[in-house]
**Student:** 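The following block contains the structure, expressed as structure tokens.
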Amino acid sequence: MNEIALFYNFSEERMRKARFALLPLKIKTKIVSKSEYNQPLGYIAGIKGIEPVETEFDGTGFDEEMIVMHNFTSKTVDILIKALNKCGVGRVPLKAVITPTNKDWNSVQLFEAVKADFEEMSKK
């Protein structure tokens with residue numbers, strides 16, 4: 001199914017652990033740099049037909065860790081979470097999957113939506 005997990009703001013050590021955990025599962029990983037934050041999520045994930053934007057990102061972005069998954073089923077999301085916990089990465093509160101609705105969003109737009117959802121759920 002060619003799953004790919006996009007990683008935002010992970011330290012070098014945490015990213016090494018994540019790659020180690022996901023390699024046997026054949027889940028590709030990609031570190032998203034701040035310079036890519038204005039690109040459509042679908043482009044970053046390699047979805048055919050989604051073109052890059054020409055301008056470079058010049059905002060402040062965000063510093064929290066976030067994982068964005070493409071081509072994941074609910075089962076593979078669970079497998080990813082368990083693998084990250086087992087290898088010592090632990091809990092990553094901000095997670096999302098690429099959908100037909102958000103595939104054209106940029107990273108900051110997705111972060112703001114995921115962060116708002118997380119804060120709303122944390123209140124309950």
Side-chain angles (χ1 to χ4, degrees):
M1 187 108 160
N2 294 333
E3 297 98 345
I4 184 168
L6 309 177
F7 286 80
Y8 292 80
N9 301 314
F10 276 66
S11 69
E12 197 172 305
E13 176 66 13
R14 287 174 58 76
M15 194 64 223
R16 184 188 63 73
K17 288 178 180 179
R19 283 192 165 133
F20 180 77
L22 300 180
L23 184 65
L25 303 172
K26 295 186 173 36
I27 296 173
K28 293 181 189 174
T29 61
K30 177 176 175 27
I31 299 169
V32 181
S33 66
K34 281 194 167 71
S35 65
E36 298 174 281
Y37 280 13
N38 66 322
Q39 295 298 330
L41 293 167
Y43 174 75
I44 296 170
I47 298 173
K48 291 181 181 177
I50 300 182
E51 298 298 321
V53 298
E54 297 299 321
T55 57
E56 288 188 29
F57 181 73
D58 63 359
T60 55
F62 54 94
D63 294 322
E64 286 97 332
E65 291 181 340
M66 181 171 73
I67 300 174
V68 179
M69 298 160 271
H70 176 58
N71 276 341
F72 278 64
T73 63
S74 55
K75 182 179 179 180
T76 52
V77 169
D78 290 343
I79 289 169
L80 175 135
I81 291 167
K82 286 178 186 170
L84 292 178
N85 284 329
K86 187 175 180 181
C87 77
V89 170
R91 188 170 179 268
V92 179
L94 303 180
K95 295 178 281 303
V97 294
I98 296 178
T99 67
T101 301
N102 68 24
K103 68 180 174 31
D104 295 312
W105 293 4
N106 67 38
S107 298
V108 175
Q109 290 170 309
L110 181 68
F111 168 77
E112 289 170 353
V114 171
K115 182 79 171 179
D117 287 348
F118 176 75
E119 288 173 355
E120 185 63 33
M121 293 300 288
S122 295
K123 289 178 186 177
K124 294 180 180 179

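This structure is a prediction, so every number in the text was calculated from the model and none was measured.
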**Student:** Just jot down the side-chain hydrogen bond (donor to acceptor under 3.5 Å, both in side chains) partners of Ser33, sequence neighbours excluded, or say none.
**Tutor:**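 With sequence neighbours excluded, Ser33 shows a side-chain hydrogen bond (donor to acceptor under 3.5 Å, both in side chains) to Ser35, Glu36, given in chain and number order.
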**Student:** Quick check on the hydrophobic clustering: are Phe7 and Ile98 connected, directly or via other members, by side-chain heavy-atom contacts under 4.5 Å?
**Tutor:**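 They do not share one cluster, since no chain of ILVMFWY contacts under 4.5 Å joins Phe7 to Ile98.
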**Student:** Excluding sequence neighbours, so at least two apart, what forms side-chain hydrogen bond (donor to acceptor under 3.5 Å, both in side chains) with Asn106?
**Tutor:**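 Asn106 satisfies side-chain hydrogen bond (donor to acceptor under 3.5 Å, both in side chains) with no residue once adjacent residues are dropped.
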**Student:** side-chain hydrogen bond (donor to acceptor under 3.5 Å, both in side chains) with Lys28: which residues, sequence neighbours excluded?
**Tutor:**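 If we apply the side-chain hydrogen bond (donor to acceptor under 3.5 Å, both in side chains) test to Lys28, skipping adjacent residues, there are no hits.
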**Student:** If you group Ile, Leu, Val, Met, Phe, Trp and Tyr by side-chain heavy-atom gaps below 4.5 Å, do Val32 and Ile50 land in one group?
**Tutor:**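 Yes, it is one cluster - the side chains of Val32 and Ile50 are joined through contacts under 4.5 Å.
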**Student:** Distance check, rounded to the nearest 0.5 Å: Ile44 atom CD1 versus His70 atom NE2?
**Tutor:**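 Spacing of CD1 (Ile44) from NE2 (His70) equals 12.5 Å.
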**Student:** Which value, rounded to the nearest 0.5 Å, describes the distance between Ile27 atom CD1 and Leu80 atom CG?
**Tutor:**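 The CG atom of Leu80 is 5.0 Å from CD1 of Ile27, to the nearest 0.5 Å.
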**Student:** Does anything in residues 110-122 pair up under side-chain hydrogen bond (donor to acceptor under 3.5 Å, both in side chains), and if so which pairs, sequence neighbours excluded?
**Tutor:**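 Those involving residues 110-122 are Glu64-Lys115.
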**Student:** Cluster question for you: counting only ILVMFWY and a side-chain heavy-atom cut-off of under 4.5 Å, with indirect links fine, are Met66 and Leu6 together?
**Tutor:**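 Same hydrophobic cluster.
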**Student:** Sequence neighbours left out, what pairs pass ring pair (Phe, Tyr, Trp, His ring centres under 6.0 Å) with at least one residue falling in residues 76-102?
**Tutor:**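 Residue pairs with at least one partner in residues 76-102: there are none.
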**Student:** Can you list the residues that meet the salt bridge (charged side-chain N to carboxylate O under 4.0 Å, His left out) rule with Asp63, with sequence neighbours excluded?
**Tutor:**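 Salt bridge (charged side-chain N to carboxylate O under 4.0 Å, His left out) check on Asp63 returns Lys34.
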**Student:** So which pairs with a foot in residues 26-68 pass ring pair (Phe, Tyr, Trp, His ring centres under 6.0 Å), sequence neighbours left out?
**Tutor:**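 As it turns out, the ring pair (Phe, Tyr, Trp, His ring centres under 6.0 Å) pairs with a partner in residues 26-68, which skip direct neighbours, are Tyr8-Tyr37, Tyr8-Phe62, Tyr37-Phe57, Tyr37-Phe62, Phe62-Phe111.
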**Student:** Work out which heavy atom in Asn71 is nearest to a heavy atom in Asn2; give both atom names and the distance.
**Tutor:**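 Closest pair (atom of Asn71, atom of Asn2, distance): ND2-O, 3.5 Å.
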**Student:** Could you pull out the closest heavy-atom pair between Ala96 and Leu110, with the gap in Å?
**Tutor:**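 Taking Ala96 first and Leu110 second, the nearest heavy atoms are CB-CD2, 4.0 Å.
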**Student:** Determine whether Leu25 and Val97 fall in the same hydrophobic cluster, where Ile, Leu, Val, Met, Phe, Trp and Tyr are linked whenever their side-chain heavy atoms lie under 4.5 Å apart.
**Tutor:**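 Cluster IDs for Leu25 and Val97 match.
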**Student:** Could you pull out the closest heavy-atom pair between Ile4 and Phe72, with the gap in Å?
**Tutor:**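 That would be O-CE1, 3.3 Å.
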**Student:** Taking only residues two or more places apart in sequence or in another chain, which ones pass side-chain contact (heavy atoms from CB on, under 4.5 Å) with Val53?
**Tutor:**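 Testing Val53 for side-chain contact (heavy atoms from CB on, under 4.5 Å), a comparison that skips the adjacent residues, returns Asn38, Gln39, Pro40, Thr55.
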**Student:** If I take atom CG from residue Leu84 and atom CD1 from residue Ile67, how far apart are they, to the nearest 0.5 angstrom?
**Tutor:**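 If I round to the nearest 0.5 Å, the distance is 5.0 Å.
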**Student:** I'd like to check the salt bridge (charged side-chain N to carboxylate O under 4.0 Å, His left out) partners of Glu13; sequence neighbours left out, ordered by chain and number.
**Tutor:**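 For Glu13, the residues satisfying salt bridge (charged side-chain N to carboxylate O under 4.0 Å, His left out) (neighbours in sequence not counted) are Arg16.
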**Student:** Identify the two heavy atoms, one from Ala21 and one from Cys87, that lie closest to each other, and give their separation to 0.1 Å.
**Tutor:**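 Minimum heavy-atom separation between Ala21 and Cys87: CB-SG, 3.5 Å.
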**Student:** Please list all pairs meeting salt bridge (charged side-chain N to carboxylate O under 4.0 Å, His left out) that have one or both residues in residues 92-108, counting only residues at least two apart or in different chains.
**Tutor:**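 Listed once each, the pairs would be none.
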**Student:** Do Leu94 and Phe118 have side chains that get closer than 4.5 Å, going by heavy atoms?
**Tutor:**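 Of all side-chain heavy-atom pairs linking Phe118 with Leu94, at least one is under 4.5 Å.
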**Student:** Does any pair with a residue in residues 76-90 pass side-chain hydrogen bond (donor to acceptor under 3.5 Å, both in side chains), and if so which ones, sequence neighbours excluded?
**Tutor:**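 Sorted pair list: Thr73-Thr76.
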**Student:** Do Met15 and Thr29 come within less than 4.5 Å of each other through their side chains, counting heavy atoms only?
**Tutor:**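 Side chain of Met15 against side chain of Thr29, heavy atoms only: contact under 4.5 Å found.
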**Student:** So, for Leu22 and Ala83, which heavy atoms are closest and what is the spacing to 0.1 Å?
**Tutor:**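 Looking at all heavy atoms of both residues, the shortest contact is CD2-CB, 4.2 Å.
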**Student:** Considering all heavy atoms of both residues, which atom of Gly61 and which atom of Val108 are nearest to each other, and what is their separation?
**Tutor:**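 Of all heavy-atom pairs spanning Gly61 and Val108, the closest is CA-CG2, 4.2 Å.
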**Student:** My understanding is that only residues two or more places apart in sequence, or in another chain, count here; which of them pass salt bridge (charged side-chain N to carboxylate O under 4.0 Å, His left out) with Arg14?
**Tutor:**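 Testing Arg14 for salt bridge (charged side-chain N to carboxylate O under 4.0 Å, His left out), a comparison that skips the adjacent residues, returns Glu65.
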